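Starting from 1, each residue takes its place in the sequence as its number. Everything numeric here is computed off the predicted structure, so don't read it as measured data.
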Amino acid sequence: MKKNLLSSLIAMFSVNILLAQIVVFSPVKVEQNDIEQFLNVEMNYSKKIAQDAVNNGKLLGWVLMQNTNVGPDDYNFMWVNAYPTIEIAANENAWWSHSEKVVGIKPDVLFSDSSKYKYDRSYTYKMQMSIPNTGPAAYVILNFATPDDVNAVAASSKKYVIPHFKKNMSDNGMVGWGMATKITPQGQEYSSMMTYDSYDSLKNAMKHLAGEGIIEGLPMDKLTKVTWEMRPIMKVISSTTEKE
């Protein structure tokens, strides 16, 4: 992956993520008493292992995010792994299994405390379209939905949303946008598509959800109607960079 002005970007969806074919979201709930240890392992060890995987073409990017508004039973952290192909994403030889080679600690030792955490299933999406990041993203809105016609949503987004956002994003703190469709799990209980809105600040992300900022002037009457099922704001904690 060629380096460019965004090579040092710490963002939910960096250039690498945007060019990914497959993006996997893995939510986890970490109790308050365990957060310090969790972050120590993730930021000082997992990130290095993930960076090695990026350098060796096994990953395009790894990101750790934190939910900004959680309830008592909600998942408060999420890993995002971006892969170049389905074949690599489905490889059972997971990139974190190489921890001993990279950081000198076997996986069962390094991640021994992980048994205390509550894991959700992983959610795998295929990227369909995006606006490349123009700057660092500090917060990301994840928008989940199950529209009657995903193709119609994609068509109206391409025609109206992307041009509007590109024109106005620099004045409203938006630094990136994208749309993806679900690979797995599928079914009535699961959203079939996701869009994301990357922002430079929590203020600008919240203005978006309040119908202000970049949303103002968007021709809603021309867009295919979407009923959003869930729209969390996620804070970017850490991420890999492009291939070193």
Side-chain angles (χ1 to χ4, degrees), residues 12-27 60-61 63 65 67 69 74-75 78 80-87 89-90 120-134 137 139-169 172 174-199 204-234:
M12 155 81 186
F13 289 99
S14 65
V15 171
N16 285 334
I17 300 287
L18 289 167
L19 295 179
Q21 292 296 310
I22 307 299
V23 181
V24 180
F25 298 85
S26 300
L60 286 177
V63 184
M65 302 187 300
N67 195 334
N69 187 17
D74 293 339
Y75 296 94
M78 181 183 291
V80 182
N81 292 302
Y83 298 92
T85 66
I86 288 179
E87 288 78 11
D120 193 6
R121 60 177 54 83
S122 290
Y123 300 84
T124 304
Y125 286 82
K126 181 178 180 180
M127 293 300 303
Q128 298 294 340
M129 64 183 75
S130 62
I131 300 174
N133 278 46
T134 59
Y139 292 86
V140 179
I141 305 170
L142 298 179
N143 312 282
F144 299 95
T146 306
D148 293 333
D149 190 340
V150 174
N151 291 330
V153 174
S156 66
S157 296
K158 185 175 182 180
K159 185 174 182 178
Y160 299 108
V161 175
I162 290 180
H164 177 82
F165 282 179
K166 282 185 174 180
K167 180 180 178 181
N168 297 284
M169 58 196 301
N172 293 282
M174 174 178 272
V175 296
W177 176 91
M179 175 184 174
T181 52
K182 174 72 70 61
I183 294 178
T184 183
Q186 295 188 14
Q188 293 183 348
E189 298 180 0
Y190 306 105
S191 60
S192 60
M193 64 161 277
M194 177 274 299
T195 66
Y196 66 83
D197 310 282
S198 298
Y199 276 96
N204 285 325
M206 292 184 71
K207 289 177 72 173
H208 181 127
L209 292 180
E212 302 175 10
I214 202 166
I215 296 300
E216 295 178 340
L218 190 62
M220 297 296 185
D221 58 321
K222 297 180 180 180
L223 300 180
T224 300
K225 182 176 176 55
V226 177
T227 300
W228 301 113
E229 298 162 354
M230 184 171 63
R231 307 183 75 186
I233 299 178
M234 308 296 292

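Judged as a side-chain hydrogen bond (donor to acceptor under 3.5 Å, both in side chains), the pairs with a partner in residues 143-155 (not counting sequence neighbours) are, in order, Asn143-Thr195, Asn143-Asp197, Asn143-Arg231, Thr146-Glu229.
Scanning for side-chain hydrogen bond (donor to acceptor under 3.5 Å, both in side chains) contacts around Thr184 gives an empty result, with sequence neighbours left out. Scanning for side-chain hydrogen bond (donor to acceptor under 3.5 Å, both in side chains) contacts around Ser192 gives an empty result, with sequence neighbours left out. Residues forming a side-chain hydrogen bond (donor to acceptor under 3.5 Å, both in side chains) with Tyr123 (at least two apart in sequence, or on another chain): Asp120. Take Asn204 and apply the side-chain hydrogen bond (donor to acceptor under 3.5 Å, both in side chains) test, not counting sequence neighbours, and it matches Asp200, Ser201. Tyr125 is linked by a ring-ring contact (aromatic ring centres under 6.0 Å, His included) to Phe25, counting only residues two or more places apart in sequence or in another chain.
Other residues, nucleotides and ligands contribute over 12 non-hydrogen atoms within 6.0 Å of the CE atom of Met129.
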Could you pull out all donor-acceptor pairs under 3.5 Å where a side-chain atom in residues 220-227 meets a protein atom, sequence neighbours excluded?
residue, atom, partner, partner atom, Å
Thr224, OG1, Ala152, O, 3.2

Contacts table for residues 161-169: side-chain donor-acceptor under 3.5 angstrom, sequence neighbours left out:
residue, atom, partner, partner atom, Å
His164, ND1, Asn168, ND2, 3.4
His164, NE2, Ile214, O, 2.7
His164, NE2, Glu216, O, 3.4
Asn168, ND2, His164, O, 2.8

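Two residues are said to be in side-chain contact when any heavy atoms from C-beta on lie closer than 4.5 Å; His208 and Tyr139 fail this criterion. Side-chain contact check for Val23 versus Met127: some heavy-atom pair is nearer than 4.5 Å. Residues Asn67 and Met234 meet the side-chain proximity criterion, which asks for heavy atoms closer than 4.5 Å. Within the 4.5 Å cutoff, the side chain of Pro84 has no heavy atoms near those of the Glu87 side chain.
Across every non-hydrogen atom of Ala137 and Asn133, the tightest pair is CB-ND2, 4.1 Å. For Ser191 against Ala145, the heavy-atom pair with the smallest separation is CB-O, 3.4 Å. Residues Tyr196 and Met179 come closest through the heavy atom pair CE2-N, 4.5 Å.
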TODO: Give the C-alpha distance, both sets of side-chain angles, the deciding distance and a yes or no for side-chain contact (heavy atoms from CB on, under 4.5 Å) between Ile183 and Lys126.
DONE: CA-CA 7 Å; Ile183 294 178; Lys126 181 178 180 180; 3.9 Å; yes
TODO: Walk me through it: do Met193 and Gln128 pass the test side-chain contact (heavy atoms from CB on, under 4.5 Å)?
DONE: CA-CA 10 Å; Met193 64 161 277; Gln128 298 294 340; over 6 Å; no
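In this structure, Lys207 contributes its side chain and Ala210 its backbone to no donor-acceptor pair below 3.5 Å.
Here the straight-line distance linking atom CG of Asn81 with atom CD1 of Ile22 works out to 12.5 Å at 0.5 Å rounding.
Looking at Val140, Asp74, Ile141, Leu142 one by one, the single match for side-chain contact (heavy atoms from CB on, under 4.5 Å) with Pro232 turns out to be Leu142.
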